Engineer: 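This is the structure I want to talk about, given as structure tokens.
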There are 2 protein chains.
Amino acid sequence: MKTPLYILGLLKRHGPQHGYQIRKNIAERVADFAYIKLPTIYYHLEQMEKKGLVSSTKSREGNRPERWVYDLTSAGEKELQKILRSFSGKEYRAEFDLDAVFFFLDFLPGRSQIIEALETQRSDLRALLANLAKHRREVSSHMSGKARSIALLLFSHHEKHYRAECSWLDEAILVLAEA
Amino acid sequence: MKTPLYILGLLKRHGPQHGYQIRKNIAERVADFAYIKLPTIYYHLEQMEKKGLVSSTKSREGNRPERWVYDLTSAGEKELQKILRSFSGKEYRAEFDLDAVFFFLDFLPGRSQIIEALETQRSDLRALLANLAKHRREVSSHMSGKARSIALLLFSHHEKHYRAECSWLDEAILVLAEA
DNA sequence: ATTATAATAGTCAGGATTGACTATTTAAGG
DNA sequence: CCTTAAATAGTCAATCCTGACTATTATAAT
């Protein structure tokens with residue numbers, strides 16, 4: 001349910017937009033932190049219009065076909081505040097697909113395949129961390145002051161968890177290797 | 001999509017069961033690691049029966065009303081292996097609702113409310129960690145050898161990520177306080 | 001000038017999840 | 001013995017998410 005928040009927030013920050021534009025904004029600004037697909041955006045735009053949180057008008061620009069451009073209503077503005085508050089209170093719960101694999105590990109014949117898979121995951125994760133660090137440096141150099149500290153918090157959040165995951169993979173590979 | 005895996009795995013490990021029994025098994029054995037609701041279980045039992053992964057028979061025990069008891073088929077057994085393998089290769093991706101709050105932080109009026117919410121989250125998380133440690137000790141004392149090391153990996157996995165989250169909350173609270 | 005490729009802008013059907021609800025049976029307390 | 005609470009066993013409607021698909025326009029390459 002993060003999608004409505006991102007849509008409302010981006011409409012407030014960057015003004016009226018159509019669905020594809022919202023997706024572009026998400027891709028350019030929060031791709032590292034939120035994975036939202038285009039159909040999900042259109043779905044919520046429709047739902048939120050039904051609820052009166054956004055309004056839509058047809059618009060034609062240049063040679064492009066007509067598009068529905070969405071705008072934040074005052075009800076949508078209130079909803080944005082409400083969601084922001086409710087998200088502040090939502091507790092973090094971790095769930096990992098790999099846990100299920102380990103829970104049923106005795107049903108898998110050989111250990112070597114899993115160890116290989118885990119090693120692949122670990123190097124993928126390291127690449128992801130390197131990429132994140134690169135993006136962090138870019139953001140860091142384009143911003144300053146209070147806003148910069150807050151933007152860096154998002155990177156820190158993900159880096160902490162990805163490092164935790166790497167460290168756990170180390171442990172898991174060790175345990176599997178000696179079993 | 002972890003639910004089919006848990007259902008198939010628990011059917012293999014504990015034999016034919018009806019939906020409610022599967023939920024009990026999940027609640028008793030993996031409640032710390034997977035959050036699966038009863039309707040989700042029934043939904044997947046139905047789907048998997050359509051696909052021939054489980055078979056069902058009506059059964060009456062004692063005074064209880066008739067129930068559909070599900071059993072693993074050989075196709076289900078194969079599917080279990082397949083899911084286990086595919087889950088070994090699925091990469092971890094972190095997503096946090098709080099990130100969206102920080103991304104749109106400038107839309108919230110006061111900082112003090114958020115700081116309070118984060119502090120509540122941190123103490124809830126500490127309680128969760130304490131509870132997890134208690135459960136770990138229980139499991140640890142009931143098991144031994146290889147199986148014990150693997151069971152402890154699941155606890156370690158969650159503890160690492162919950163500690164990462166606590167540590168990030170510390171950082172976030174500090175940044176917000178001085179902003 | 002023409003073809004190929006990428007970017008733009010969406011739609012739709014199918015699958016997954018769960019809150020809220022119903023109904024029965026057993027256990028506990030007075 | 002009777003009432004109440006808890007456990008058992010499940011259903012249904014509403015909601016959310018996304019892979020696969022369609023179609024147009026702009027850009028690049030030949």
Side-chain angles (χ1 to χ4, degrees), chain A residues 1-8 10-11 16-28 30-31 34-51 53-54 56-70 79 83 86-87 90-91 93 95 97 100, chain B residues 1-8 10-11 14 16-28 30-31 34-51 53-54 56-70 79 83 86-87 90 93 95 97 100:
Chain A
M1 281 252 324
K2 60 197 180 301
T3 310
L5 174 49
Y6 278 107
I7 293 176
L8 294 173
L10 287 173
L11 284 177
Q17 293 158 74
H18 55 268
Y20 193 79
Q21 233 170 330
I22 293 174
R23 205 220 50 177
K24 269 194 80 177
N25 271 317
I26 288 179
E28 284 164 15
V30 288
Y35 310 100
I36 299 171
K37 300 300 186 301
L38 195 52
T40 311
I41 291 169
Y42 285 109
Y43 168 74
H44 283 286
L45 281 173
E46 239 176 77
Q47 297 300 310
M48 293 198 296
E49 190 177 15
K50 276 185 200 162
K51 291 179 197 162
L53 306 177
V54 298
S56 72
T57 42
K58 261 189 188 163
S59 131
R60 156 160 283 151
E61 255 175 79
N63 208 13
R64 293 237 134 256
E66 281 198 327
R67 297 168 302 195
W68 286 104
V69 173
Y70 292 88
E79 179 70 10
I83 302 180
S86 84
F87 269 38
K90 272 173 68 182
E91 212 185 332
R93 281 283 176 282
E95 261 186 293
D97 288 343
Chain B
M1 280 248 325
K2 58 196 184 300
T3 310
L5 174 50
Y6 279 107
I7 293 175
L8 294 172
L10 288 172
L11 284 177
H14 302 290
Q17 291 158 74
H18 54 268
Y20 193 80
Q21 234 170 329
I22 293 174
R23 206 222 49 179
K24 270 194 79 179
N25 271 316
I26 288 179
E28 284 164 15
V30 289
Y35 309 100
I36 299 171
K37 299 301 187 300
L38 196 50
T40 311
I41 292 169
Y42 285 109
Y43 168 74
H44 284 286
L45 282 172
E46 238 177 77
Q47 297 300 311
M48 292 198 295
E49 189 177 17
K50 276 185 200 162
K51 291 179 196 161
L53 306 177
V54 299
S56 72
T57 42
K58 261 189 190 166
S59 132
R60 154 159 285 151
E61 257 175 77
N63 208 13
R64 294 237 134 255
E66 280 197 328
R67 295 169 302 195
W68 287 104
V69 174
Y70 292 88
E79 179 70 8
I83 301 180
S86 84
F87 268 39
K90 271 173 66 182
R93 281 284 177 284
E95 263 186 292
D97 288 343

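Everything quoted here is computed from the prediction, not taken from an experiment. Order of the sequence lines sets the chain letters (A, B, ...), proteins ahead of strands, with each chain counted from 1.
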Engineer: Does A/Gln47 have any side-chain hydrogen bond (donor to acceptor under 3.5 Å, both in side chains) partners at least two apart in sequence or in another chain, and if so, which?
Structural biologist: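 Applying side-chain hydrogen bond (donor to acceptor under 3.5 Å, both in side chains) to A/Gln47 gives none.
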
Engineer: C/dA7 P sits how many Å from A/His18 NE2, rounded?
Structural biologist: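 From A/His18 NE2 to C/dA7 P: 15 Å.
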
Engineer: Check for a donor-acceptor pair, side chain of B/Glu79 on one end and backbone N or O of B/Met48 on the other, with a separation under 3.5 Å.
Structural biologist: no

Engineer: How many Å lie between NZ on B/Lys58 and C1' on D/dA9, as a whole number?
Structural biologist: 14 Å

Engineer: Could you state the CD-P distance from B/Glu49 to C/dG15, rounded to the nearest angstrom?
Structural biologist: 16 Å

Engineer: Does the protein touch nucleotides 11-19 of chain D at the base, only the backbone, or not at all? Give it as B, S and - per nucleotide, heavy atoms under 4.0 Å.
Structural biologist: BB--SBSBB

Engineer: For B/Leu5 and C/dA16, give me the distance from atom CG to atom C1', rounded to whole Å.
Structural biologist: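 To the nearest whole Å, that distance equals 16 Å.
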
Engineer: Looking at B/Lys2 and A/Glu95, does any basic side-chain N land under 4.0 Å from a carboxylate oxygen?
Structural biologist: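 A salt bridge links B/Lys2 with A/Glu95.
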
Engineer: Would you kindly give the CZ-to-P distance between A/Arg67 and C/dT8, to the nearest whole Å?
Structural biologist: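 To the nearest whole Å, that distance equals 11 Å.
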
Engineer: Compare every heavy atom of B/Leu8 with every heavy atom of B/Leu53, then report the nearest pair and how far apart it is.
Structural biologist: O-CD2, 4.3 Å

Engineer: B/Gln21 CD to D/dA9 P: how many Å, rounded?
Structural biologist: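 It works out to 7 Å between those atoms.
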
Engineer: Where is the tightest heavy-atom contact between A/Leu10 and A/Ile22, given as atom of each residue plus distance?
Structural biologist: CD1-O, 4.1 Å

Engineer: Is there a side chain to side chain contact (heavy atoms under 4.5 Å, CB included) between A/Lys58 and A/Trp68? Walk through the geometry before answering.
Structural biologist: CA-CA 5 Å; A/Lys58 261 189 188 163; A/Trp68 286 104; 3.5 Å; yes

Engineer: Looking at D/dT8, I'd like to know if its phosphate oxygens (OP1 or OP2) sit under 4.0 Å from a side-chain N or O belonging to B/Tyr20.
Structural biologist: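 Yes, B/Tyr20 has a side-chain N/O under 4.0 Å of OP1/OP2 on D/dT8.
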
Engineer: Without decimals, in angstroms, what is the distance between B/Leu53 CG and C/dG15 C1'?
Structural biologist: 15 Å

Engineer: Rounding to an integer number of Å, can you tell me how far B/Arg23 CZ sits from D/dG10 P?
Structural biologist: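 For the pair B/Arg23 CZ and D/dG10 P, the rounded distance is 12 Å.
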
